[in-house]
J.: 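Structure in structure tokens, see below.
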Amino acid sequence: MDLQLKDKVILVTGGSKGIGHGISVLLAKEGAIPVIIGRDKKSVLEAVVEIEKEGGKAYYALAELTDPEQCKLAVERTIERFGRIDGLVNNAGVNDNVSLENGNYEDFLRSINRTLTHYYLMAHYVLPELKKTEGAIVNIGSKTSVTGQGGTSGYAAANGGRNALTREWAVELLPYNIRVNAVIVAECYTPLYDRWIKTFDNPEEKLKSITDNIPLGKRMTTSEEIASTVAFLLSKRSSHTTGQLLFVDGGYTHLDRAIS
């Protein structure tokens with residue numbers, strides 16, 4: 001299926017690592033131009049070079065996403081380069097384990113700013129361009145918003161906010177034909193996930209205990225599978241889909257664990 005994404009300019013926050021990297025690479029393969037936004041200059045530039053070596057197009061803007069001014073400048077840099085923006089993928093965030101029992105106000109607020117606030121900022125600054133192109137927004141979320149995890153109040157609250165904003169923006173932006181959807185991730189094997197697994201005394205055993213509970217295929221979701229759904233939601237092929245929370249998780253969140 002031709003997703004008709006050729007030369008579409010798509011902002012991807014955190015687009016140089018993990019799930020964001022997978023999204024950037026796949027968008028480039030579909031002919032789009034991912035604009036990778038992040039603070040880690042080394043990984044951002046490496047991701048752009050990787051895409052270009054494979055024959056794709058990519059651009060970047062360095063930004064600390066907790067800084068409103070830097071978010072604004074990243075959008076402005078993109079407009080100066082291409083004169084348009086066709087889509088936004090809000091992806092960046094971190095599960096920082098700010099708990100109720102052992103956390104505090106400052107860390108909780110910082111967690112919200114690191115994982116939720118920039119979703120609003122990026123959408124706010126990019127909106128005038130999306131109104132011109134009738135573009136789309138895809139928010140990346142986490143199962144913690146509906147299942148809980150324990151010991152990560154900030155991250156869970158931020159992801160609940162991502163879900164709520166997806167529905168809220170879908171309603172607000174109906175007059176502009178701007179679609180807003182979310183892709184909810186459960187267990188996706190990224191370099192960050194790999195580092196977490198390796199903190200356990202028996203990483204292979206821990207990993208197996210997780211994958212054994214993933215109904216479809218008893219395996220982790222890949223970043224490519226997340227990216228494919230994101231690309232579809234950004235494309236006109238999903239032209240009547242908005243306000244949806246799509247769980248790309250092998251049935252992990254909603255299917256009865258008794259089947260495992």
J.: Drop me the distance from Ser239's OG to Glu134's CD, to the nearest 0.5 angstrom.
T.: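 Spacing of OG (Ser239) from CD (Glu134) equals 11.0 Å.
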J.: Do Pro34 and Ile10 have side chains that get closer than 4.5 Å, going by heavy atoms?
T.: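 No, every pair of side-chain atoms sits at 4.5 Å or beyond.
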J.: Between Glu80 and Arg77, does any NZ, NE, NH1 or NH2 come within less than 4.0 Å of an OD or OE carboxylate oxygen?
T.: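 Result for this pair is no, no salt bridge flagged.
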J.: Do side-chain atoms of Arg114 reach the backbone of Asp96 as a donor and acceptor pair under 3.5 angstrom?
T.: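 Pair absent, no side-chain N/O of Arg114 close to backbone of Asp96.
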J.: To the nearest 0.5 Å, what is the distance between OG1 on Thr222 and CD1 on Ile19?
T.: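 Nearest 0.5 Å value for the OG1-CD1 distance: 10.0 Å.
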J.: CD of Glu168 to CG of Asn163: how many Å apart, nearest 0.5 Å?
T.: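 Result: 13.5 Å between the selected atoms.
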J.: Could you tell me whether the side chain of Thr13 and the main chain of Asn91 form a donor-acceptor pair under 3.5 Å?
T.: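 Such a contact is found between Thr13 side chain and Asn91 backbone.
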J.: Would you check if His21 and Glu50 make a side-chain contact, meaning some heavy-atom pair closer than 4.5 Å?
T.: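 When only atoms from C-beta onward are counted, Glu50 and His21 do touch, with a gap below 4.5 Å.
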J.: In terms of hydrophobic clustering (I, L, V, M, F, W, Y; side-chain heavy atoms under 4.5 Å; direct or indirect links), are Leu130 and Leu73 co-clustered?
T.: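 The answer is no; the residues belong to distinct hydrophobic clusters.
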J.: Within the 4.5 Å heavy-atom criterion, are Lys8 and Leu234 side-chain neighbours or not?
T.: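 SC-SC contact between Lys8 and Leu234 ruled out.
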J.: Taking atom CZ as the centre, does Arg84 end up with more than 12 heavy-atom neighbours from other residues, nucleotides or ligands that are less than 6.0 angstrom away?
T.: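 Check passes, neighbour count above 12.
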J.: Using modelled atom types only, decide if a donor and an acceptor are shared between the side chain of Thr242 and the backbone of Val180 within a distance under 3.5 Å.
T.: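 The answer is yes, because a donor-acceptor pair under 3.5 Å joins these two groups.
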J.: Applying a strict under-4.5 Å side-chain criterion to I, L, V, M, F, W and Y, I'd like to know whether Val89 and Leu65 cluster together.
T.: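 Yes, because Val89 and Leu65 connect within a single hydrophobic cluster, where side-chain heavy atoms sit under 4.5 Å apart.
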J.: Are Tyr176 and Ile137 linked, directly or through other ILVMFWY residues, by side chains that come within less than 4.5 angstrom of each other?
T.: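 Yes; tracing contacts between hydrophobic side chains, which count when under 4.5 Å, links both residues.
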J.: Quick one: name the residues clustered hydrophobically with Val146, using the 4.5 Å side-chain heavy-atom rule over I, L, V, M, F, W, Y, and just say none if it's on its own.
T.: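 So far as hydrophobic clustering goes, Val146 is joined with Ile184, Leu245, Phe247.
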J.: Could you state the interatomic distance from NZ (Lys208) to CG (Asn213), rounded to the nearest 0.5 Å?
T.: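 Those atoms lie 10.0 Å apart.
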J.: Can you tell whether the side chains of Lys218 and Asp212 come within less than 4.0 Å, N to carboxylate O?
T.: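 No.
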J.: Search all heavy atoms of Glu52 against all heavy atoms of Ala58 and return the closest pair with its distance.
T.: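 Reported closest heavy-atom pair: OE2-O, 3.8 Å.
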J.: How about Val126 and Met122: do any of their side-chain heavy atoms sit closer than 4.5 Å?
T.: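 No - every pair of side-chain heavy atoms lies 4.5 Å or more apart.
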J.: Taking the side chain from Thr253 and the backbone from Asp249, do they hold a donor-acceptor pair closer than 3.5 Å?
T.: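 Judged by distance alone, no pair lies under 3.5 Å.
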J.: Distance check, rounded to the nearest 0.5 Å: Leu5 atom CG versus Lys29 atom NZ?
T.: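 Nearest 0.5 Å value for the CG-NZ distance: 14.5 Å.
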J.: I'd like to know if the side chain of Gln244 pairs up with that of Thr241 as donor and acceptor (distance under 3.5 Å, no hydrogens or angles considered).
T.: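 There is no such pair between these side chains.
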J.: Using only atom types and a distance under 3.5 Å, with no angle test, would you say the side chain of Thr133 pairs donor to acceptor with the backbone of Ile85?
T.: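 Side chain of Thr133 to backbone of Ile85, a donor-acceptor pair under 3.5 Å: yes, one is there.
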J.: Give me the other members of the hydrophobic cluster that Val94 sits in, counting Ile, Leu, Val, Met, Phe, Trp and Tyr linked by side-chain heavy atoms under 4.5 Å, directly or via other members.
T.: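 Traced through the cluster, Val94 reaches no other member.
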J.: Heavy-atom count around Glu54 CD within 6.0 Å, excluding the residue itself: above 12?
T.: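 Count not over threshold, so no.
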J.: Would you please test Leu45 and Tyr60 for side-chain contact (heavy atoms from CB on, under 4.5 Å) and show each step?
T.: CA-CA 8 Å; Leu45 294 178; Tyr60 74 94; 3.6 Å; yes
J.: Taking all non-hydrogen atoms of both residues, which atom of Ile37 and which atom of Ala74 are closest, and how far apart?
T.: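 Here Ile37 and Ala74 meet closest at CD1-CB, 4.1 Å.
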J.: Give a yes or no answer on whether the side chain of Thr115 reaches the backbone of Ile112 with a donor-acceptor pair at less than 3.5 Å.
T.: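 Side chain of Thr115 to backbone of Ile112: no pair is present.
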J.: Of all heavy-atom pairs between Gly22 and Ser223, which one has the smallest distance, and what is that distance?
T.: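 Closest pair (atom of Gly22, atom of Ser223, distance): CA-OG, 4.2 Å.
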J.: Using atom types as modelled and distance alone, determine if a side-chain donor or acceptor of Arg81 lies under 3.5 Å from a backbone N or O of Glu76.
T.: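 No, Arg81 side chain to Glu76 backbone: no donor-acceptor pair under 3.5 Å.
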J.: Under 4.5 Å between any side-chain heavy atoms of Val9 and Glu129, yes or no?
T.: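 The answer is no; the side chains never approach within 4.5 Å.
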J.: If you look only at pairs with a residue in residues 111-151, which of them pass as a ring-ring contact (aromatic ring centres under 6.0 Å, His included), with sequence neighbours excluded?
T.: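 Listed by first then second residue: Tyr120-His124.
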J.: Kindly give the heavy-atom pair with the smallest separation between Ile178 and Ala136, and that separation in Å.
T.: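 Closest pair (atom of Ile178, atom of Ala136, distance): CG2-CA, 4.5 Å.
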J.: May I ask whether Ile36 and Leu27 are part of the same hydrophobic cluster, defined by side-chain heavy atoms of I, L, V, M, F, W, Y residues being less than 4.5 angstrom apart, directly or through others?
T.: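 No, Ile36 and Leu27 fall in different hydrophobic clusters.
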J.: For Lys42 and Glu46: C-alpha separation, side-chain torsions, deciding distance, then whether salt bridge (charged side-chain N to carboxylate O under 4.0 Å, His left out) applies.
T.: CA-CA 6 Å; Lys42 182 176 183 293; Glu46 286 175 349; 2.7 Å; yes
J.: At what distance, to the nearest 0.5 angstrom, does CG of Asn102 lie from CG of Asn97?
T.: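 Result: 11.0 Å between the selected atoms.
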J.: Considering non-hydrogen atoms only, spot the tightest contact between Pro68 and Leu121 and give its length.
T.: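 Taking Pro68 first and Leu121 second, the nearest heavy atoms are CA-CD1, 3.8 Å.
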J.: Do Asn202 and Lys206 come within less than 4.5 Å of each other through their side chains, counting heavy atoms only?
T.: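 Side chain of Asn202 against side chain of Lys206, heavy atoms only: no contact under 4.5 Å found.
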J.: With hydrophobic residues grouped by side-chain heavy-atom distances under 4.5 Å, do Val230 and Trp169 end up in a single group?
T.: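 Val230 and Trp169: one cluster.
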J.: Can you sort out the partners of Asp7 under salt bridge (charged side-chain N to carboxylate O under 4.0 Å, His left out), two or more places apart, ordered by chain and number?
T.: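 If we apply the salt bridge (charged side-chain N to carboxylate O under 4.0 Å, His left out) test to Asp7, skipping adjacent residues, the hits are Lys57.
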J.: Is there a side-chain contact between Val44 and Ser16 (heavy atoms, below 4.5 Å)?
T.: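 Answer yes - side chains close enough.
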J.: Among side-chain atoms of Glu64 and Thr66, is any donor-acceptor pair under 3.5 angstrom?
T.: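 There is such a pair (donor and acceptor under 3.5 Å, judged by atom type) between the side chains of Glu64 and Thr66.
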J.: Ignoring hydrogens and angles, state whether a donor on the side chain of Glu187 or Tyr193 is under 3.5 Å from an acceptor on the partner side chain.
T.: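 Distance-only check passes for Glu187 and Tyr193.
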J.: What closest approach, in Å, do Ser24 and Ile51 show between heavy atoms, and which atom pair accounts for it?
T.: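 Looks like O-CD1, 3.9 Å.
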J.: Under the salt bridge (charged side-chain N to carboxylate O under 4.0 Å, His left out) rule, collect the residues that match up with Glu172, sequence neighbours excluded.
T.: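 Salt bridge (charged side-chain N to carboxylate O under 4.0 Å, His left out) list for Glu172, sorted by chain: empty.
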J.: Are Leu116 and Leu165 close enough, and set up right, to give a side-chain contact (heavy atoms from CB on, under 4.5 Å), and what steps lead you there?
T.: CA-CA 10 Å; Leu116 176 63; Leu165 289 179; 3.9 Å; yes
J.: If we ignore angles and hydrogens, is there a donor and acceptor under 3.5 Å between the side chains of Asn159 and Arg162?
T.: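 There is such a pair between these side chains.
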J.: Taking everything shown except Leu216 itself, do over 12 heavy atoms lie less than 6.0 Å from its CG?
T.: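 Count not over threshold, so no.
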J.: Does a donor on one side chain sit under 3.5 Å from an acceptor on the other, for Thr166 and Asn139?
T.: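 Distance-only check passes for Thr166 and Asn139.
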J.: Using atom types as modelled and distance alone, determine if a side-chain donor or acceptor of Thr211 lies under 3.5 Å from a backbone N or O of Arg219.
T.: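 Checked: no pair found.
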J.: Decide if atom NZ of Lys17 counts as having more than 12 heavy atoms of other residues, nucleotides or ligands within a radius under 6.0 Å.
T.: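 Counting neighbours around NZ of Lys17, 12 or fewer heavy atoms of other residues, nucleotides or ligands fall under 6.0 Å, so no.
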J.: If you count the non-hydrogen atoms of other residues, nucleotides and ligands that lie under 6.0 Å from NZ in Lys236, is the total more than 12?
T.: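 Counting other residues, nucleotides and ligands, NZ of Lys236 exceeds 12 neighbours.
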J.: I want to check a possible cation-pi pair here: Arg237 against Phe232, using under 6.0 Å from ring centre and within 45° of the ring axis as the test.
T.: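 Negative - Arg237 is either too far from the ring of Phe232 or too far off its axis.
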J.: Within a 6.0 Å radius of atom CG on Leu100, are there more than 12 heavy atoms belonging to other residues, nucleotides or ligands?
T.: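 Result for CG/Leu100: open.
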J.: Give a yes or no on whether the backbone of Asp40 and the side-chain of Ser43 come within a donor-acceptor separation of less than 3.5 Å.
T.: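 Indeed, once roles are kept as given, a pair shorter than 3.5 Å links the two residues.
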J.: Does anything in residues 200-228 form a ring-ring contact (aromatic ring centres under 6.0 Å, His included)? List the pairs, not counting sequence neighbours.
T.: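 Every pair satisfying ring-ring contact (aromatic ring centres under 6.0 Å, His included) with a residue in residues 200-228: Trp196-Phe200.
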J.: I'd like to know if the side chain of Asn181 reaches the main chain of Gly243, judged simply by a donor and an acceptor atom lying under 3.5 Å from each other, with no hydrogens or angles considered.
T.: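 Yes, the answer is positive, given that a donor and an acceptor are paired below the 3.5 Å cut-off.
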